[in-house]
Amino acid sequence: MSTVRTARRWLGDHLVLGLGILVLVYTFVPIAVVVLMSFNDSSKSRNVYKFQKFTLDHWLHPGGWADGMGDSVILSLEIAAAATLVATVLGTLAAFALVRHRFAGRSAANVIIFLPMASPEIVMGSSLLSLFVASGFGGQLGFWTILIAHVMFCLSFVIVTVKARLSGLNDNLEQAAMDLYATEAQTFWRVTLPLVLPGIVGAALLSFSLSFDDFIITNLNAGQSVTFPMFVYGANQRGVPMEVNVIGTAMFVISILVVLGNELNRRRQEKALTL
Amino acid sequence: MATVDDVATGGPPEHRPRRNLTGYWLILPGALWLLLFFVIPFYSLLAASLFDPDGSVLTGYDVTFHVQNFGNAFWDYKEQIGRSLLYAALATATCLVLGYVLAYAIAFKAGRWKNLMLVLVIAPFFTSFLLRTLSWKLILADDGWVVDVAQAIHLTDALQLVNLADGDRLLATPFAVIAGLTYNFLPFMVLPLYASLEKVDVRLIEAAGDLYASPARGFLKVTLPLSMPGVVAGTLLTFIPATGDYVNDQLLGNTNTRMVGASIQSLFTKENDYATAGALSVILMVIIVAAVMVYVRKAGTEELV
């Protein structure tokens, strides 16, 4: 009887794990397709989105990329970098305020920070467009309006991420620094900031991917500018050039490397602290 | 020396938050940004929804409290609104099933692979959302083997019965749109589910077993109720963005799968009909807020924010 039970338990344990892994595999199927298609030579018939012949051309000759794609990638990178910088700085300051300080309106602030993450993009995007048009900027949609929008939706994610790291921190080390006569500024720069840094880097990385990838809000507020997601969306109507998959693959590989680096750094730091 | 605040918030006693003006200065820039570009725009949207529809971007609009805009927008786009809610609900339900299995496996069965699996859950976000959606176009294509298998096991016939597909196709059907939504929003379901499953005390599940509850009964009476906050948060984070999405229906659907987001987008940017677009956007927001309130009350959790 006990063997039957152990067999059943083994099956129970591994069945759920196996099903979970299957779900994970399913989430990676489209990514495998993106990587595969980045090596696809589709020069014969552009409108067929199908693997035809292996080629390294798209990777080796960026000069042969479809018209406008390079520019759209550069615009997206510029916006993502600027939005990440602004959102990370403002968001980190706000996270410090929310965790380390008590002030009136704190819970109202928490609600306003939560709401952008729970609102449909189409509503946020159309509201922002209404504001721009109503205040006379309807004709100047472009880089700056996209940037404003991206900082807006990245902010909440930065605040939540940094807040999580900051509130998981106990202040023993900071107390120790102060006991050893470090000034408040020295304590902040040499103890607090390095401890919170993995959270800040994580938040910046998240902002960068959110901004680089955003389509719905951007499409409403971009005017004549074309970001990379907008280029892909537009290309869908004409037949997708395979080069877009090079960007998708490169993004994926770079992000994974940065995440791994950040994680290793965090582990090394934690190991050093527990010694 | 714990302050009243610490006791009230249950915060760690070793850390005493400071109460001075610095807090205001630190949060001011971020709060101002959200106020200017998130809160105030809702007012602009509401104003736009009350525009006199005879105006145009060039001549300017008059806010004439043209309440008829709402009636007209709702009547003209009721199909798209209904479709958005239906597709989002079906996608959310599928996400809940798939996401629960994955979150449960990570929380209780993954052992030392837990962190790796968590990273893998968010890893798909690292490639473009549009490119991943385009990939589904290839996977579900008419001459692909996925369609062949679906036909062989009569999946296409079954989908046809419930009106989610037409003919022997998978691509350009409601099924493809719902599958795309499910795929794209799955991580938003898994993460909150995992967060609340991880907090479940395993001893409670073992206790249920010791008291002769079958594993299924233990799950239904102990694990599931304890994970409800995650279920509620996950369904909201999936349902809300899915309702407003239009990328999936534009890339994977056909003209009969149009969702309300696509209508709002084209009213704003192609037809320049700000009055109807604004009204439609406000209607969508009101429906979502109402649905969320009813749902949260039924599910009985208030620990969301």
Region of [X] in contact with chain A, defined by heavy-atom distances below 4.5 Å:
X: B:Leu251; answer: both
X: B:Ile240; answer: both
X: B:Leu120; answer: both
X: B:Ala123; answer: both
X: B:Asp245; answer: both
X: B:Ser128; answer: both
X: B:Leu284; answer: side chain
X: B:Val39; answer: side chain
X: B:Leu36; answer: backbone

Toward chain B, the part of [X] with a non-hydrogen atom under 4.5 Å:
X: A:Val259; answer: side chain
X: A:Ser119; answer: both
X: A:Met124; answer: side chain
X: A:Val158; answer: neither
X: A:Leu210; answer: neither
X: A:Ile148; answer: both
X: A:Ile113; answer: both

Using side-chain heavy atoms (C-beta onward) and a distance below 4.5 Å, is [X] in contact with [Y]?
X: A:Val23; Y: B:Tyr100; result: no
X: B:Tyr274; Y: A:Leu129; result: yes
X: B:Ser44; Y: A:Phe132; result: no
X: B:Pro241; Y: A:Pro120; result: no

Practice task
Classify the ring geometry between B:Tyr246 and A:Tyr233 as parallel (under 30°), tilted (30 to 60°) or perpendicular (over 60°).
Solution key: perpendicular

Exercise for the section: Using atom types as modelled and distance alone, determine if a side-chain donor or acceptor of B:Tyr24 lies under 3.5 Å from a backbone N or O of A:Ala104. Expected result: yes

Handout entry: Most contacts with chain B, counted as non-hydrogen pairs under 4.5 angstrom, among A:Ala118, A:Ser209, A:Ala134
Key = A:Ala118

Handout entry: Greatest number of heavy atom pairs closer than 4.5 Å to chain B - which of A:Leu128, A:Val232, A:Leu19
Key = A:Leu128

Handout entry: Validation row, ring centre A:Phe96 to ring centre B:Trp25 under 6.0 Å
Key = no

Practice task
Check the pair B:Trp33 / A:Phe153 against ring-ring contact (aromatic ring centres under 6.0 Å, His included), numbers first and verdict last.
Solution key: CA-CA 10 Å; B:Trp33 199 288; A:Phe153 67 71; over 10 Å; no

Handout entry: Rounded distance [0.5 Å steps], CG in A:Asp213 versus OG1 in B:Thr127
Key = 8.0 Å

